[in-house]
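Notes to accompany the following structure.
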Amino acid sequence: MTELTAPQGVDADYYRVGTPVADTKAPAGPIAEKWTKRKFDASLVNPANRRKLSVIIVGTGLAGGAAGATLGEAGYHVKSFCFQDSPRRAHSIAAQGGINAAKNYKEDGDSIYRLFYDTVKGGDYRARETNVYRLAEVSANIIDQCVAQGVPFAREYGGLLDNRSFGGVQVSRTFYARGQTGQQLLIGAYQALERQVAAGTVEMFTRHEMLELIVADGRARGIIARDLVTGEIETHLADAVVLASGGYGNVFFLSTNAMGSNVTANWRAHRKGAYFGNPCYTQIHPTCIPVSGDHQSKLTLMSESLRNDGRIWVPKRKEDCDKDPRQIPEADRDYYLERIYPAFGNLVPRDIASRQAKNMCDEGRGVGPMVGDFRRGVYLDFSDAISRLGRSAVEAKYGNLFDMYARITGENPYETPMRIYPAVHYTMGGLWVDYDLMSNIPGLFVTGEANFSDHGANRLGASALMQGLADGYFVLPNTIRDYLAKGPYPKLDENSPAVAEARQSVDQRVRTLLSINGERSVDSFHKELGHIMWEYCGMERTETGLMKAIDLIRSLRAEFWRNVRVLGSAETLNQSLEKAGRVADFLELGELMCIDALHRRESCGGHFRAESQTEDGEALRHDDQFCYVAAWEFGGNGEGGMGAPVLHKEDLTYEFIQLKQRSYK
Amino acid sequence: MKLTLKIWRQDGPRARGELVTYVVEDISPDMSFLEMLDVLNEQLNAKGEEPIAFDSDCREGICGMCGLMISGEAHGPEKTTTCQLHMRSFRDGETVTIEPWRADAFPVIRDLVVNRSAFDRIIQAGGFISVNTGSAPKAEAVLVPKPNADRAFMAAECIGCGACVAACPNAAAMLFMGAKITHLGELPQGQPERAQRVKAMVAQHDAEGFGGCTNIGECSAACPKGIPLDVISQLNHDLRKAGAGRF
Ligand SMILES: Cc1cc2nc3c(=O)[nH]c(=O)nc-3n(C[C@H](O)[C@H](O)[C@H](O)COP(=O)(O)OP(=O)(O)OC[C@H]3O[C@@H](n4cnc5c(N)ncnc54)[C@H](O)[C@@H]3O)c2cc1C
Ligand code: SF4
Ligand code: FES
């Protein structure tokens, strides 16, 4: 570590500033030629040598599954890990809407450049141009690959692939398989992966959880994993390690993520030196089914497409909030999005729709049951659409969503307006990677939602599936070979200090968690952390709020290690123990997210700082001060388990796209 | 609401299991079935008893991770997954029995958790199209008639939950397998390997210890995705043709 400086003002108490990130390793030259050049320059590995080179891939979602299949086909020795009972269950399976690709099938003026531009703008100019361009460039190949695998995309009567349009863009470039696009894409990747398992190139470890990264001589060389069935702690060594472990939205407890989604793989690598990029960038999706009570374990997304025909409103008067909405006359309703944003109305971007819903509820005009002190819901009303188009037309378009809503809430949305509320959905932040998708630890690659790279401060709909598959099928296999070509790396002994240290720390942690035997359950800590994050690091953030949150998280973390109760043993399937480890890591991540949010004194994308807004309450960026990626280095095991982290800035240079302030009025 | 639950507890794969009775009070009808079990687990933990192990992940009815026998019905009384079942489907005061999937090919790991990796091995045997990354032709090069695309999609909706096996008196996995045969067989891309696929998958199915199909139809009745019985006809048709070398 070179010299560190203290930041200005209150920030000095929270972090230090280190040297900037100098180089992302993207080749020089015109943007459209960079990827071709990189692929050409990356060293090749002779097919006969590939068998001798091993790669560990943590995660079997779109990013990890696609990479495992592709590297297996190429002949490398792949070890693939997931915590579920089958690779097919990774949370990519839950994606509904679709996947973008610049195919221009509709002849509506789409192009690689337009997809690139839309993605950078959608990300509120906080993404790296070179990576985003490449994403757009390989997008068309993804569709070809998936169709060849048998992914049943929606088709037109002539047999051609169908497209639809998605929020924030003016072209139709989204490919879809009804409301189950993620499922179909993942099954495609899963089948390709299983084919390699049968071929003997991929070894599959299901119900295994990575709990530590092994770094030896400065390189990532393996992982420590726990067999979740037998409890055995295993060492797995390789020439390179890929983390494709998904997003960390569950730090908020309630989110649209799966129950098991977690940050452990990323966080363990972060503690071993990998920088964490933009941890505070969180996407909060405006149309989810609201919380119904304290028992709630997760939130369910309702596709964004509903906003095309539904009108969003709350009562004008607080007194009306518990009335039957059908009894509230037109004149007493506030269609607030249409009022505030006459140009875009109900179709404003996700971040804006979410924040306004929160504002309405904070004013006391929310609807639905009381949750704590507030009603947390707004109406999404289809009565106009039903009288305009007829019930059957609405049913044809949204039938499956209406059914899902009815099943969860027990209400009939054809008769009474739906209630919706924003929910945490996606994390743009993740481990920092260079153009090759390699972290700052040589040999550690990060793909999919787990890395920070392509979406800036806000992700556009249908672009995460695109990124996962782009990384997995096309980018990583080309860049990792350059690293592997320099291998095989010296054989690592199972008893070497690096391995022993990693094993020991896992053993120690498991034993500690089981021995505390305190009073509170893991879930109770997780819920409390979630409340803190949602309240202070959610849709609107302030300096005082974030400082308070950091204090609260620190004391909650201390209490966790004193007072958590994890029953059972380490030698069997023990789901409380699994959860405990994940929550322990969330308790550290939460603090870093708040520090990142505190230091970024601007509003951009999903990060809204109340202190930085225009006169009419819109997000205000400060490109002069914050046009950079915040790459955080772990601060060491200081007081309370975490020392002050070190900020490394990667300046974002926009050579091809001009920075603009977004406006939707 | 108040319910009496009889839940299968089994410490490990080789341990003996038994039904244990629990009473849960203050159940909200808006809770999902698994949230009700979460509440029970919190209570057990507070009392110093180990929580009940059960699988779930997405809790949206799409990952296929959850699955319980609820009073003798796979995924319970509604046509949906266990995670999407809500407590309003039960009556106050009811007694509900909760057991794991029962099948020789799905051994119990602990309590309500079973090992379904036999399904992965059936897919390994042939449930794929052999196309390496990068060697795909342009997507628009092959047209797929909409009816075929739609039928392929219908079959591809299978979430691999295993309810069909659990519901079948013979513990057959024919519906699961038929769904994959139909998905890939409806598409032009799936044709070259069609004969090989069905033979290899069926051989693996039998080797795993799943039973044979005797046309009872419980599988399709229990399937949360409504996979129809005719995918089994498709499977048998393909198997006959493959055996006769007629593809
Ligand atoms: C409800 C919902 C709807 C969405 N809809 C869309 C959409 O329409 N379009 C779109 O583009 N995007 C959508 N997204 C976002 C998109 O689905 C995800 O960002 C993307 O699928 C993530 O893929 P991934 O491969 O990075 O991670 P995941 O699919 O989450 O996979 C993570 C993998 O890592 C494994 N893992 C994690 N930690 C460990 C560990 N410690 N040890 C071992 N294994 C581990 C897991 O087992 C799993 O296999 C949606 C997201 C949600 C939640
Ligand atoms: S066919 Fe139906 S019941 Fe059987 S595994 Fe598939 S989704 Fe589950
Ligand atoms: S938990 Fe995913 S289908 Fe039930």
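Everything quoted here is computed from the prediction, not taken from an experiment. Only heavy atoms go into these numbers, but all of them, side chains included; no hydrogens, no water, no symmetry mates. Residue numbering restarts at 1 for every chain, and letters A, B, ... go by the order of the sequence lines.
- With salt bridges taken as basic N to acidic carboxylate O contacts below 4.0 Å, one links B:Asp30 and B:Arg88.
- Of the atoms belonging to A:Asp85, heavy atoms from both backbone and side chain fall under 4.5 Å from chain B.
- The side-chain heavy atoms of B:Ile98 and B:Leu37, taken from C-beta on, include a pair separated by under 4.5 Å.
- Here the CZ atom belonging to A:Arg178 is positioned 9.5 Å from the CD atom belonging to A:Gln184, to the nearest 0.5 angstrom.
- Of the listed residues (A:Lys103, A:Arg195, A:His295), the one with the most heavy-atom contacts under 4.5 Å to chain B is A:Arg195.
- Interface residue B:Ser130: backbone and side-chain heavy atoms are both found under 4.5 Å from chain A.
- A salt bridge is absent between B:Arg110 and B:Asp55; no separation between the charged side-chain nitrogens and carboxylate oxygens falls under 4.0 Å.
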CA sep, side-chain torsions, deciding dist, call: A:Leu193, A:Met204, side chain to side chain contact (heavy atoms under 4.5 Å, CB included): CA-CA 9 Å; A:Leu193 186 67; A:Met204 188 67 229; 4.1 Å; yes
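- Put simply, of A:His91, A:Gln196, A:Gln149, the one with the most heavy-atom pairs under 4.5 Å next to chain B is A:Gln149.
- Distance check: B:Met31 CE to A:Ser292 OG gives 8.5 Å after rounding to the nearest 0.5 Å.
- Remark: A:Asp162 does not engage A:Arg155 in a salt bridge, criterion side-chain N to carboxylate O under 4.0 Å.
- Between chain A and the residues B:Gly134, B:Pro145, B:Gly190, B:Ala152, the largest count of heavy-atom pairs under 4.5 Å involves B:Gly134.
- Salt-bridge check for B:Lys225 with B:Glu157: failed, with every basic side-chain N at 4.0 Å or more from each acidic carboxylate O.
- Only the side chain of B:Glu42 comes within less than 4.5 Å of a heavy atom in chain A; its backbone stays farther off.
- The part of B:Glu49 that comes within reach of chain A is its backbone (N, CA, C, O), which places non-hydrogen atoms under 4.5 angstrom from that chain.
- Among B:Leu143, B:Asn132, B:Ile159, the residue making the largest number of heavy-atom pairs under 4.5 Å with chain A is B:Asn132.
- In terms of heavy-atom pairs under 4.5 Å with chain A, the best-connected choice from B:His183, B:Glu60, B:Glu78, B:Gln84 is B:Glu60.
- Heavy-atom distances place no part of B:Ser117 under 4.5 Å from chain A, backbone and side chain included.
- For A:Leu301, the part lying near chain B is the backbone, with the side chain staying farther off; criterion is any non-hydrogen pair under 4.5 Å.
- Neither the backbone nor the side chain of B:Leu85 comes within contact range of chain A; no heavy atoms are under 4.5 Å apart.
- Within the 4.5 angstrom heavy-atom criterion, atoms from both the backbone and the side chain of A:Ser297 approach chain B.
- For A:Thr300, the parts lying near chain B are the backbone and the side chain together; criterion is any non-hydrogen pair under 4.5 Å.
- For chain A, the option among B:Ile123, B:Asp150, B:Leu187 with the highest count of heavy-atom pairs below 4.5 Å is B:Ile123.
- Contacts of B:Asn45 with chain A are made by both backbone and side-chain atoms, with heavy-atom separations under 4.5 Å.
- Of the two parts of A:Glu156, only the backbone, made up of N, CA, C and O, holds a non-hydrogen atom closer than 4.5 Å to a non-hydrogen atom of chain B.
- Rounding to the nearest 0.5 angstrom, the gap separating the CZ atom in B:Phe33 from the CD1 atom in B:Ile70 is 4.0 Å.
- At least one cation-pi condition fails for A:Arg88 and B:Phe119: the charged atom is not both under 6.0 angstrom from the six-membered ring centre and inside a 45 degree cone around its axis.
- Residue A:Glu571 does not touch chain B at all, counting heavy-atom pairs closer than 4.5 Å.
- If you measure heavy-atom distances from A:Gln145 to chain B, the contacts under 4.5 Å come from both the backbone and the side chain.
- In this structure, A:Phe253 and A:His526 have perpendicular ring planes: the angle between them is above 60°, well past the 30° mark.
- With a 4.5 angstrom heavy-atom cutoff, A:Leu573 touches chain B via backbone and side-chain atoms both.
- Atoms CD and CG, on B:Glu25 and B:Asp92 in that order, are 10.0 Å from each other to the nearest 0.5 Å.
- Looking only at distances, no side-chain donor or acceptor of B:Arg59 sits under 3.5 Å from a matching main-chain atom of B:Ser32.
- Contact annotation for A:Leu161: only side-chain heavy atoms (C-beta onward) come within less than 4.5 Å of a heavy atom of chain B.
- Proximity to chain A is limited to the backbone of B:Val142, based on heavy atoms less than 4.5 angstrom apart.
- The part of A:Leu299 that comes within reach of chain B is its backbone (N, CA, C, O), which places non-hydrogen atoms under 4.5 angstrom from that chain.
- With a 4.5 Å cut-off on non-hydrogen atoms, A:Ser86 touches chain B through its backbone and its side chain both.
- Interface remark: B:Ile27 contributes no atoms to any contact with chain A (heavy atom separation under 4.5 Å).
- Each of B:Ile129, B:Asp120, B:Leu184, B:Val131 has some count of heavy-atom pairs under 4.5 Å with chain A, and the biggest count is that of B:Asp120.
- Taking B:Glu35, B:Gln189, B:Glu50 one by one and counting their heavy-atom pairs under 4.5 Å with chain A, the maximum is reached by B:Glu35.
- By number of non-hydrogen pairs under 4.5 angstrom with chain B, the leading residue of A:Arg207, A:Glu519, A:Met404 is A:Arg207.
- Atoms OG and CG, from A:Ser521 and A:Leu567 in turn, are 10.0 Å apart once rounded to the nearest 0.5 Å.
- Neither the backbone nor the side chain of A:Ser92 comes within contact range of chain B, judged by heavy atoms closer than 4.5 Å.
- More than 12 heavy atoms of other residues, nucleotides or ligands lie within 6.0 Å of CG in A:Asn517, so this atom counts as buried by the packing criterion.
- Other residues, nucleotides and ligands contribute at most 12 non-hydrogen atoms within 6.0 Å of the NZ atom of B:Lys2.
- Annotation: B:Lys138, atom NZ; neighbour count of heavy atoms from other residues, nucleotides and ligands within 6.0 Å does not exceed 12.
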